[in-house]
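I am attaching a structure below and will ask some questions about it afterwards.
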Amino acid sequence: MTSPLVQRRIITAVVFAAALTPAILLAWKAAHGLLSANPIKDITEETGTWTLRFLVITLAIRPLRRLPGLARLAGYRRMMGLFAFFYGFLHFGTYVGLDQFFDLSMIIDDVMKRPFITAGVTAFALMIPLAATSTKGMIRRMGGARWKLLHRLVYASATGGVIHYLWLIKADKQRPLIYGAILAVLLGYRIWEYWKQRRTTPAR
Amino acid sequence: MLIRRRSDIPSSEITPESAYINRRKFLRKGSLALAGMTLGSAGILRAVMQDGKSWKPSNPSRYNTTEDLTSYQDATTYNNYYEYGMDKEDPEAMSGSFKPQPWSVAVEGEVKKPATYRLEDLLKGETLEDRIYRLRCVEAWSMVIPWLGFPLAHLIKRFEPTSKARFVEFTTILRPEEMPGQQRRYLPFPYVEGLRMDEAMHPLTILATGLYGRSLPNQNGAPLRLVVPWKYGFKSIKSIVKIRFVQEQPTSTWMIAAPGDYGFYSNVNPDVSHTRWSQAKERRIGDFLKRKTLPFNGYADEVASLYSGMDLDKNF
Ligand code: HEM
């Protein structure tokens, strides 16, 4: 029998590899010319979609870990959050480096005038302090309560991501609306939990 | 029956398909190597050699551009045709059951010869030319496509519009059972587009029945589509079943769906940006770097005079 520690490490490695797979697959397809005629757009869309998916996965862990046998999910929340940032970084990097080719005036113009870009940049900017404070040391330094408060920003970031997605679609809003619905449920659950907690813990 | 005509551009000057396929493969690989690096993988550049068929127009037009052609593969697999779906690969993937034959076109409105014409009758007497045009999509990408077609003006003269005809309205076929996107109703189908009479009569405006010398694939608008090269791609309506001559300016589908973004004219204009895209630059499919977008998509010499005195910021 492998020890629980070894088991945990193996599971962690598998989860990590699984979360990295979309990026590797995308790079492999890109290198072998298997993307469409507009590969830069494919890379933008793929990385953007995975950013949003990992944001939703991160948020979904909160209710899911309450289910029987799933308590250990909580241990993967940070990794999922960091993967959201990782894909967000690739997405933003693709836009800046490949799509706009570092054309600063075009980028600034986009951020100021294109509402969907403004929303995306806001969503990504909100992820930066979260990624920066994701280490154990930072949690200790900030103190749990303040750290938790700061990390509620992930809801704002995901909301920004959904708005960004809604605004960039020309006609069929179905896909962003599905993400929006999931996010609304998760946010609703979080608020419900918050109220429940407030009622059960007496005011100091 | 093809009538050969002298063209300004000897066909030897048109880049053979093999050459641009290699170049664009190289560009694609190059840009993707960069992406690969970003993605932290060792994206190894494979050999960039690939066979390509060389294609030469058999009946070139004097309006042809000498720019590198977009490959047949890209021109027929990367399409916007919402009747088949929202994604670029949907038109090719979802158009298999569409039947472009038999086909007829209803000609209505302010004309002396309104009727429903069979496609064969419309094409009778028309000489098909290879028209190599730039195509600029409103989404800031572009292609160079060798259409096979004939001037719309020829047909219009045959229909004999009355003096009241100031605009032409076109309608795409409505066949939800063969066009899965139409079942979703994210746009008010059937798709409608329109041109002012002088735009429709302009020699650059053609009806296309093919590309690369072959008949139009379903995903490119078989069997009959409009091509107006100085306007954004969505103006070039596909699979036309109705041509109506009217007095008032028609309201196009996109004008209904997103009036702030899509105007009636929709001439390619780098100075008027869309809510989602700056129109100052475009990515030619196959290129890595974007290029500057030209007013009227580079056809200003031919068409700018149609709009003299008009405020193109307002009439976007
Ligand atoms: C949390 C942050 C973000 C999320 C969750 C996100 C998510 C997405 C999603 C889901 C898509 C659509 C994918 C598809 O169509 O299949 C997308 C597209 C895109 N995003 Fe983001 N994004 C974020 C931040 C950004 C930022 C910071 C930028 C640039 C400054 C950006 C630029 C774009 C562009 C240019 C597209 C493609 C638009 C098009 O199709 O024309 N995004 N993003």
Side-chain angles (χ1 to χ4, degrees), chain A residues 20-47 50 86-87 89-103 105-118 164 167-175, chain B residues 24-25 27-29 31-46 48 50 70-71 73-80 82 85-89 138-141 143 181 184-187 234 254 257-258 261-262 273-278 280-281 283 285-290:
Chain A
L20 201 57
T21 303
I24 293 171
L25 213 62
L26 185 60
W28 187 83
K29 278 190 188 166
H32 291 78
L34 296 174
L35 297 175
S36 79
N38 197 349
I40 294 173
K41 193 171 153 78
D42 297 341
I43 296 170
T44 309
E45 295 184 350
E46 198 65 13
T47 52
W50 282 104
F86 168 70
Y87 282 101
F89 183 78
L90 292 182
H91 184 59
F92 183 60
T94 307
Y95 167 80
V96 171
L98 298 181
D99 191 24
Q100 302 295 343
F101 200 63
F102 307 103
D103 184 336
S105 66
M106 284 285 280
I107 293 171
I108 291 171
D109 191 63
D110 260 4
V111 174
M112 309 290 282
K113 290 195 202 141
R114 248 57 77 195
F116 94 88
I117 295 282
T118 316
H164 165 71
W167 283 351
L168 73 88
I169 297 274
K170 282 196 291 187
D172 186 3
K173 308 272 186 200
Q174 188 188 60
R175 278 176 245 178
Chain B
R24 52 181 307 282
K25 279 276 180 234
L27 282 164
R28 183 185 289 188
K29 296 256 150 111
S31 66
L32 292 166
L34 231 159
M37 271 151 41
T38 328
L39 295 173
S41 100
I44 302 155
L45 277 183
R46 290 193 313 170
V48 293
Q50 174 153 346
T70 301
S71 72
Q73 164 79 14
D74 286 351
T76 56
T77 57
Y78 194 80
N79 307 106
N80 270 328
Y82 280 15
M86 292 267 301
D87 291 331
K88 301 286 182 287
E89 55 275 14
V138 70
E139 296 167 1
W141 54 266
M143 294 183 176
R184 296 285 315 281
R185 319 193 104 259
Y186 37 66
L187 283 180
F234 63 87
W254 279 110
D261 286 338
Y262 300 91
S273 58
H274 187 277
T275 332
R276 292 172 191 79
W277 307 277
S278 153
K281 289 189 184 179
R283 174 169 290 111
I285 292 300
D287 284 0
F288 172 54
L289 290 179
K290 290 187 174 178

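In this text the structure is predicted, and so the values were computed from the model without any measurement. Every chain is numbered from 1 and lettered A, B, ... according to where its sequence line falls, protein lines coming before strand lines.
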**Asked** Side chain, backbone, both or neither: which part of A:D172 has a heavy atom under 4.5 Å from chain B?
**Response** both

**Prompt:** Side-chain contact, heavy-atom cut-off 4.5 Å: A:R114 with B:H274?
**Reply:** no

**Request:** Measure the shortest side-chain to side-chain distance between B:F234 and A:K170 over non-hydrogen atoms and say whether it is less than 4.5 angstrom.
**Result:**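 Result no, sub-4.5 Å side-chain heavy-atom pair not found.
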
**Ion pair B:K281/A:D103, N-O distance below 4.0 Å** =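 A:D103 and B:K281: salt-bridged.
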
**Item:** Engaged part of B:W277 at the chain A interface, taking heavy atoms whose separation is under 4.5 Å
**Value:** both

**Message:** I'd like to know which of B:Y78, B:Y82, B:W141 tops the heavy-atom pair count under 4.5 Å against chain A.
**Reply:** B:Y78

**Message:** Could you report the tightest heavy-atom contact between B:R276 and A:I169, atom names first, then the distance?
**Reply:**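 That closest heavy-atom pairing would be NH2-O, 3.2 Å.
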
**Message:** Pair A:N38, B:K88 - check side chain to side chain contact (heavy atoms under 4.5 Å, CB included), show working.
**Reply:** CA-CA 10 Å; A:N38 197 349; B:K88 301 286 182 287; over 6 Å; no

**Item:** B:N79 CG to A:S36 OG distance, which is reported to the nearest 0.5 Å
**Value:**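 Nearest 0.5 Å value for the CG-OG distance: 10.5 Å.
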
**Prompt:** So which part of B:R185 gets closer than 4.5 Å to some heavy atom of chain A, the side chain, the backbone, both or neither?
**Reply:** neither

**Request:** Counting only heavy atoms closer than 4.5 Å, note whether A:K41 contacts chain B via side chain, backbone, both or neither.
**Result:** side chain

**Prompt:** With side chains defined as the heavy atoms from C-beta onward, is the minimum distance between B:Y186 and A:Q174 less than 4.5 Å?
**Reply:** no

**Request:** Please round to the nearest 0.5 Å and tell me the distance separating atom CE of A:M106 and atom OG of B:S278.
**Result:**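 Answer rounded to 0.5 Å: 4.0 Å.
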
